[in-house]
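A short worksheet on the structure shown next.
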Amino acid sequence: MADATSYKKPPVDNDTFSDHVDSEAASEVYDENGSLLSGKTGSSLGYGVPDSRKIGVTGAVFLILNKMIGTGIFSTPSSIFASTGSVGISILLWAVAGLLTLSGLSVYLEFGLAIPRSGGEKNYLERVFRKPPFLITSVFAVQMILLGFSAGNSLAFGRYVLLACGHPMPDGLVPRIIAVACMTFVVLLHAIKPTWGLRLTNALGVFKVLVLLLIVFAGFAALAGYRLIPDPHNFDNFWAIEKGDGYGGGGAYAYATALLQVVYSYKGWENANYVMGELKNPQRTLKIAAPLAVIGVTVLYVLANVAYFAAIPKAELAKSEVIVAGLFFRNMFGESIAARSLPAFVALSNIGNVLAVSFAHSRVNQELAKEGILPWSNFWASTKPFRTPAAALFLHWIVTVIVLVAPPPGPAYNFIVNLYTYPGAWINTMVAGGLIYLQFKKSENWSSPWRTWLPVTIVYLLLNIFLAITPFIPPNSDWNADGYPYYAFPLVGIAILLLGVVYWAVWTKLLPKLGGYTIVAETVIDETGEEVMRYHKVPTTGPREATTQPLLWDGNASVHSGYGSL
């Protein structure tokens with residue numbers, strides 16, 4: 001799939017369409033004899049991105065950084081230590097999670113460099129799971145649309161803005177109003193002034209790195225004895241597994257949960273893969289930006305944890321009900337500075353995440369719409385009136401606002417917000433397994449400028465199987481501690497994936513049967529000269545119009561005229 005020939009003319013037949021629309025510029029429509037109909041070529045669909053707005057290496061790095069660095073590194077270290085009871089093992093878990101993230105990055109680099117198109121996992125799954133047609137795309141589309149919201153970080157932004165103003169409010173109407181305003185501002189900025197949206201994303205990425213560097217260097221100072229509290233002596237028994245006041249003794253389940261939390265703190269490393277169509281020289285940019293961002297975040301995360309342990313006593317760290325970074329700032333700089341500065345830092349970190357997620361997920365929504373997967377696809381795929389994916393951004397806004405406004409405060413809201421992470425484990429499992437299949441199935445003719453070693457892919461595969469299975473393991477504590485049974489979380493996540501199967505059956509089987517039509521593919525030539533597919537409804541009764549006749553390629557890249565239907 002990496003070479004020009006196999007990429008331009010993918011191995012598909014009349015029943016299978018493995019590669020779909022990226023950025024359409026012209027349509028070639030053929031009649032029943034295979035002759036090009038006049039007046040049907042060169043109709044620009046306006047999906048292209050001007051070169052002046054494309055993202056370079058620096059922009060791609062900060063697009064990844066902004067999604068990776070959220071509130072996790074400022075709060076999660078507390079629960080990690082409480083679960084493990086060991087300073088050394090806690091820090092080791094952060095380093096191991098970084099290595100596991102790099103294994104996943106290698107898998108995505110191999111796919112991304114071979115298929116340099118926006119959409120991320122959508123393209124990779126379509127390349128592997130080609131039968132039944134549209135099934136894997138429908139499954140991916142449903143979980144991406146329903147769960148690809150930015151509600152969690154938007155609400156966190158509202159909460160920390162109030163906290164920074166001296167009005168703490170965990171949840172309620174006011175922080176949700178601020179969250180909706182935050183989401184609206186982000187969507188309008190990306191839609192109307194996309195260049196300024198990227199500039200703000202980059203600026204906030206720089207800010208996040210500077211905050212983490214401040215914590216790291218303050219940690220070095222703490223190790224040297226410059227702190228406002230006595231030495232906590234956390235490094236005296238570095239590898240000891242202890243059971244103390246509020247930490248340790250959780251057993252295997254606690255360790256598994258700790259690793260799960262750390263891995264999710266790294267989530268977002270795949271963000272640039274979603275917008276490959278908007279990167280300058282996408283293969284080179286991704287190859288440089290993604291490893292640089294992930295390695296940089298890993299180093300910062302590990303050193304930030306060292307800093308926390310250098311300035312916070314174990315029991316205080318484990319039992320803390322506030323952000324760990326807040327304790328760190330208090331012990332290093334005093335109560336007033338910590339109280340004033342940290343909420344503002346976290347609020348800016350939250351809006352940086354919302355900017356990065358909205359930018360990337362709207363591009364995925366647009367790619368799904370270009371294929372015709374979504375209802376009213378022409379509208380969601382449109383770039384009018386600003387030559388930006390404004391409609392796809394609006395779709396992202398709608399889902400996010402519904403999640404912000406509809407659920408009541410408490411367990412129901414937390415359940416929905418946390419749910420979006422789980423189905424991704426199954427999607428990534430299929431991506432990793434699919435790469436192994438492509439590498440060993442010679443008839444697939446798979447090639448890529450990047451090669452992932454089999455052991456690395458297997459590690460990533462096993463990690464995601466672990467993430468998918470762990471939530472089904474009963475906890476040692478109350479089974480309903482979060483307000484709902486522990487197994488509800490993974491069951492609902494799987495149900496959303498199965499909802500994609502239901503959507504596929506209705507869209508490609510039931511509705512065509514009731515409506516008397518079939519879905520056919522049409523070859524279009526995009527703005528880079530690539531042949532890609534687009535799908536249309538064609539009546540199954542009466543004469544078929546020549547203007548809907550597609551041009552299909554078989555496995556030998558030979559031209560075939562005729563209908564490819566589902």
Practice problem: May I ask you to check whether Phe345 and Phe74 place their ring centers less than 6.0 Å from one another? | Solution: no
Quiz item: Can you tell me if Tyr274 and Glu367 form a side-chain donor-acceptor pair at under 3.5 Å?
Solution: no
Quiz item: For the side chain of Ser362 and the backbone of Phe359, is there at least one donor-acceptor N/O pair under 3.5 Å apart?
Solution: yes
Quiz item: Under 4.5 Å between any side-chain heavy atoms of Asn66 and Leu355, yes or no?
Solution: no
Quiz prompt | Side-chain touch Thr298/Tyr266, heavy atoms, less than 4.5 angstrom | solution = yes
Exercise. Give, for atom NE2 of His190 and atom CZ of Phe185, the distance between the pair rounded to the nearest 0.5 Å.
Key: 9.0 Å
Quiz item: Hey, does Thr101 have a side-chain heavy atom less than 4.5 Å from the side chain of Val263?
Solution: no
Self-check item: Contact summary for Gly158 and Ile178, nearest pair of heavy atoms
Solution: CA-CG2, 3.6 Å
Practice problem: Among Thr137, Val139, Ile136, find the residue that satisfies the side chain to side chain contact (heavy atoms under 4.5 Å, CB included) test when tested with Phe129. | Solution: Ile136
Quiz prompt | Side chains of Ser154 and Leu404 in contact at under 4.5 Å (non-hydrogen atoms) | solution = yes
Quiz item: Is the side chain of Gln283 donor-acceptor paired with the backbone N or O of Leu113 at a distance under 3.5 Å, no angle test?
Solution: yes
Quiz item: When you measure from the side chain of Ser377 to the backbone N and O of Leu374, does any donor-acceptor pair fall under 3.5 Å?
Solution: yes
Quiz item: If you measure from CG on Leu146 to CG on Leu497, what distance do you get to the nearest 0.5 Å?
Solution: 10.5 Å
Practice problem: Ignoring hydrogens and angles, tell me if any N or O in the side chain of Thr285 forms a donor-acceptor pair with the backbone of Lys280 under 3.5 Å. | Solution: yes
Quiz prompt | Positive for ring pair (Phe, Tyr, Trp, His ring centres under 6.0 Å) with Phe134, one of Trp507, Trp504, Phe140 | solution = Trp507
Quiz item: Is it true that Lys122 and Glu126 have a side-chain N and a carboxylate O under 4.0 angstrom from each other?
Solution: yes
Quiz item: side chain to side chain contact (heavy atoms under 4.5 Å, CB included) between Tyr517 and Leu511: does it pass, once the steps are laid out?
Solution: CA-CA 8 Å; Tyr517 63 85; Leu511 293 181; 3.5 Å; yes
Quiz item: Got a second to check how far Leu63's CG is from Thr58's OG1, nearest 0.5 Å?
Solution: 12.0 Å
Quiz prompt | Taking every non-hydrogen atom, the tightest pair across Arg176 and Gly172 | solution = CG-O, 3.1 Å
Exercise. Looking only at non-hydrogen atoms, find the nearest pair between Gly59 and Asn202 and report the distance.
Key: CA-OD1, 3.7 Å
Exercise. Kindly say whether Leu279 contributes a backbone atom to a donor-acceptor pair with the side chain of Lys54 at under 3.5 angstrom?
Key: no
Exercise. Could you check if a side-chain atom of Leu109 sits within less than 4.5 angstrom of a side-chain atom of Thr452, using non-hydrogen atoms only?
Key: no
Quiz item: Closest heavy-atom contact between Ala289 and Ala60?
Solution: CB-CB, 3.6 Å
Quiz item: What is the distance from atom CG of Leu189 to atom OG1 of Thr184, rounded to the nearest 0.5 Å?
Solution: 12.5 Å
Practice problem: Would you mind reporting whether Asn273 and Tyr108 have side-chain heavy atoms less than 4.5 Å apart? | Solution: yes
Exercise. Identify the two heavy atoms, one from Tyr301 and one from Ser265, that lie closest to each other, and give their separation to 0.1 Å.
Key: OH-O, 3.2 Å
Practice problem: Kindly determine whether Trp380 and Leu368 satisfy side chain to side chain contact (heavy atoms under 4.5 Å, CB included), including the steps that lead there. | Solution: CA-CA 9 Å; Trp380 302 122; Leu368 292 167; over 6 Å; no
Self-check item: Straight-line distance of Ile496 CD1 to Met144 CE, nearest 0.5 Å
Solution: 12.5 Å
Self-check item: Backbone of Lys67 reached by a side-chain donor or acceptor of Asn271 within 3.5 Å
Solution: no
Exercise. Could you tell me whether the side chain of Arg363 and the main chain of Val275 form a donor-acceptor pair under 3.5 Å?
Key: no
Quiz item: Could you give the distance from CG (Leu155) to CG (Asn350), rounded to the nearest 0.5 Å?
Solution: 9.0 Å
Self-check item: Sidechain-backbone polar pair: Asn353 side chain, Asn153 backbone, donor-acceptor under 3.5 Å
Solution: no
Exercise. Start with the C-alpha gap between Tyr460 and Thr429, add the side-chain angles, then the distance that decides, and say whether side chain to side chain contact (heavy atoms under 4.5 Å, CB included) holds.
Key: CA-CA 8 Å; Tyr460 185 60; Thr429 297; over 6 Å; no
Exercise. Side-chain contact test, heavy atoms from C-beta onward, threshold under 4.5 Å: evaluate it for Val57 versus Arg284 and give yes or no.
Key: yes
Practice problem: State whether the number of non-hydrogen atoms from other residues, nucleotides or ligands found under 6.0 Å of Trp426 atom CH2 is greater than 12. | Solution: no
Quiz item: Is the backbone N or O of His396 less than 3.5 Å from a side-chain atom of Thr400, with the two atoms forming a donor-acceptor pair by type?
Solution: yes
Quiz prompt | Minimum heavy-atom distance Val431-Phe111, with the two atoms named | solution = O-CE1, 3.6 Å
Practice problem: For the pair Ile69 and Val297, evaluate side chain to side chain contact (heavy atoms under 4.5 Å, CB included) and give the outcome as yes or no after the intermediate values. | Solution: CA-CA 8 Å; Ile69 304 175; Val297 168; 4.2 Å; yes
Self-check item: Glu270 vs Glu121 side-chain heavy atoms within contact, under 4.5 Å
Solution: yes
Quiz item: Does any N or O in the side chain of Gln366 come within less than 3.5 Å of the main-chain N or O of Ala392, such that one atom is a donor and the other an acceptor?
Solution: no
